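Predicted, not measured: the structure shown is a model, and the values here were computed from it.
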Amino acid sequence: MARIAPTLLVLALLAATAAAFVVTEALKLRLSPITNVRVGRVLSPVCGCTKERTDISFRLRKRSRVTVQIVSGDKVVRTLVHARIKPRGRLQLTWNGRDDSGKILPDGRYTVRVEFPKGHLRRIDMPNPLRIDTQAPRVLSVTMKPRAISPDGDGFSDRTHVTFTLSEPARGVIYVDGVQTVLGNFPRAADDLNWNGRLGGQTARGKHRITFAAIDPAGNRGKAVPVGTVVVRFVTLGRRTIHVAAGRRVQLTVSADHRALRWRMGAR
């Protein structure tokens, strides 16, 4: 009997292990109660733009009682849905970066948590975190050249180049006379943008004041800094009117962006 007892104990442990393995594998084969999760990446409750809030959505496989929360670490900071029965299909929510009392939460990473009172998956923390960012990017350096352009398509000084570095990756913005004219396509910490001398689809002859700022992925717009003045011109004559006596030579000063010029004299 002394030898039978250990044998029975080993068999019982093996049976329990096998049963646990079967249960675990069965759980793995069960489908998650939510699918097609969509969560924004970053928002700024103070940007005054479309990024003041972000969308959170997912599809429920079946009609369920569900709770949706925003958590920081393991602390619940906002409850978007509390134990409400929702139909099968997509559940669409928005979050404005504030807690339940309406206070703006600190910058940092947050997680969307979905809870079910019943079922094999009672809590799901979505793997892609949300980030609150209220700090606007700062311009560390910005230069511009040339400061005189002639956008005539000859490949010489057709546009001015604004080169910049920023405190964080952001999209650069060129303002011409206070009007946003050029916006970068991608957020970068260092880049350059070009202005082709056109405003409203028309060539903007004359002097123009250039300022520069940046907009980060959260929509925070940094303070615009002055860059300088650009002159948009083609061929500039030293004098517009010249009085010449018959038979005398004419000397005219010309400013242009190309070494070779062609002249035609006659009536307008």
Can any side-chain N or O of [X] pair as donor or acceptor with the backbone N or O of [Y] at less than 3.5 Å?
{"X": "Asp158", "Y": "Gly153", "value": "yes"}
{"X": "Asp177", "Y": "Arg209", "value": "yes"}
{"X": "Arg171", "Y": "Ile215", "value": "no"}
{"X": "Arg198", "Y": "Gly201", "value": "yes"}
{"X": "Arg131", "Y": "Ala218", "value": "no"}
{"X": "Arg159", "Y": "Asn194", "value": "no"}
{"X": "Thr181", "Y": "Val179", "value": "yes"}
{"X": "Thr111", "Y": "Pro129", "value": "no"}
{"X": "Lys207", "Y": "Thr229", "value": "no"}
{"X": "Asp107", "Y": "Thr134", "value": "yes"}

Q: Check the pair Asn220 / Ser44 against side-chain hydrogen bond (donor to acceptor under 3.5 Å, both in side chains), numbers first and verdict last.
A: CA-CA 7 Å; Asn220 300 301; Ser44 173; 2.6 Å; yes
Q: Under the ring pair (Phe, Tyr, Trp, His ring centres under 6.0 Å) rule, collect the residues that match up with Tyr175, sequence neighbours excluded.
A: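 Scan of Tyr175 (ring pair (Phe, Tyr, Trp, His ring centres under 6.0 Å), adjacent residues dropped) gives none.
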Q.
Taking transitive links into account, so neighbours of neighbours count too, which hydrophobic residues share a cluster with Ile104 at under 4.5 Å side-chain distance?
A.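 Direct or chained contacts put Ile104 with Val46.
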Q.
Applying side-chain hydrogen bond (donor to acceptor under 3.5 Å, both in side chains) to Asp99 and Ser101, what does each step give before you reach the verdict?
A. CA-CA 5 Å; Asp99 63 15; Ser101 67; 2.7 Å; yes
Q: List the atom of Ser32, the atom of Thr35, and the distance in Å for their closest heavy-atom pair.
A: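 Scanning both residues completely, I find the closest heavy atoms to be O-CG2, 4.5 Å.
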**Q.** Note, Glu115 side chain near Arg123 side chain (heavy atom, < 4.5 Å)
**A.**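 Yes, side chains in contact.
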Q: Could you tell me whether the side chain of Pro33 reaches within less than 4.5 Å of the side chain of Arg61, counting heavy atoms only?
A: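 SC-SC contact between Arg61 and Pro33 ruled out.
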Q: Any disulfide (SG to SG under 2.5 Å) involving residues 33-62? Give me the pairs, sequence neighbours left out, ordered by first then second residue.
A: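 As it turns out, the disulfide (SG to SG under 2.5 Å) pairs with a partner in residues 33-62, which skip direct neighbours, are Cys47-Cys49.
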Q | Any pair counted as salt bridge (Lys or Arg N to Asp or Glu O under 4.0 Å), so long as it reaches residues 35-50, sequence neighbours left out | A |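 Qualifying pairs: none.
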Q: Answer yes or no: is there an ion pair linking Asp100 with Arg78, defined by an N-O contact shorter than 4.0 Å?
A: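 Here Asp100 pairs with Arg78 in a salt bridge, since their nearest N and O are under 4.0 Å apart.
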Q | With sequence neighbours excluded, residues passing side chain to side chain contact (heavy atoms under 4.5 Å, CB included) with Lys86 | A |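 For Lys86 the side chain to side chain contact (heavy atoms under 4.5 Å, CB included) partners, ignoring immediate neighbours, are Leu60, Val66, Val81, Arg84, Leu91.
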Side chains of residues 135-142: which donor-acceptor partners sit under 3.5 Å, not counting sequence neighbours?
| from | atom 1 | to | atom 2 | distance (Å) |
| --- | --- | --- | --- | --- |
| Ser141 | OG | Thr165 | OG1 | 2.6 |

Q: Verify ring pair (Phe, Tyr, Trp, His ring centres under 6.0 Å) between His161 and Trp195, making sure each step is shown before the conclusion.
A: CA-CA 7 Å; His161 307 275; Trp195 180 51; over 10 Å; no
Q. Hey, which of Val230, Val173, Thr211, Ile174 is the one that makes side chain to side chain contact (heavy atoms under 4.5 Å, CB included) with Val162?
A.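 With Val162 as partner, Val230, Val173, Thr211, Ile174 yield a single side chain to side chain contact (heavy atoms under 4.5 Å, CB included), made by Ile174.
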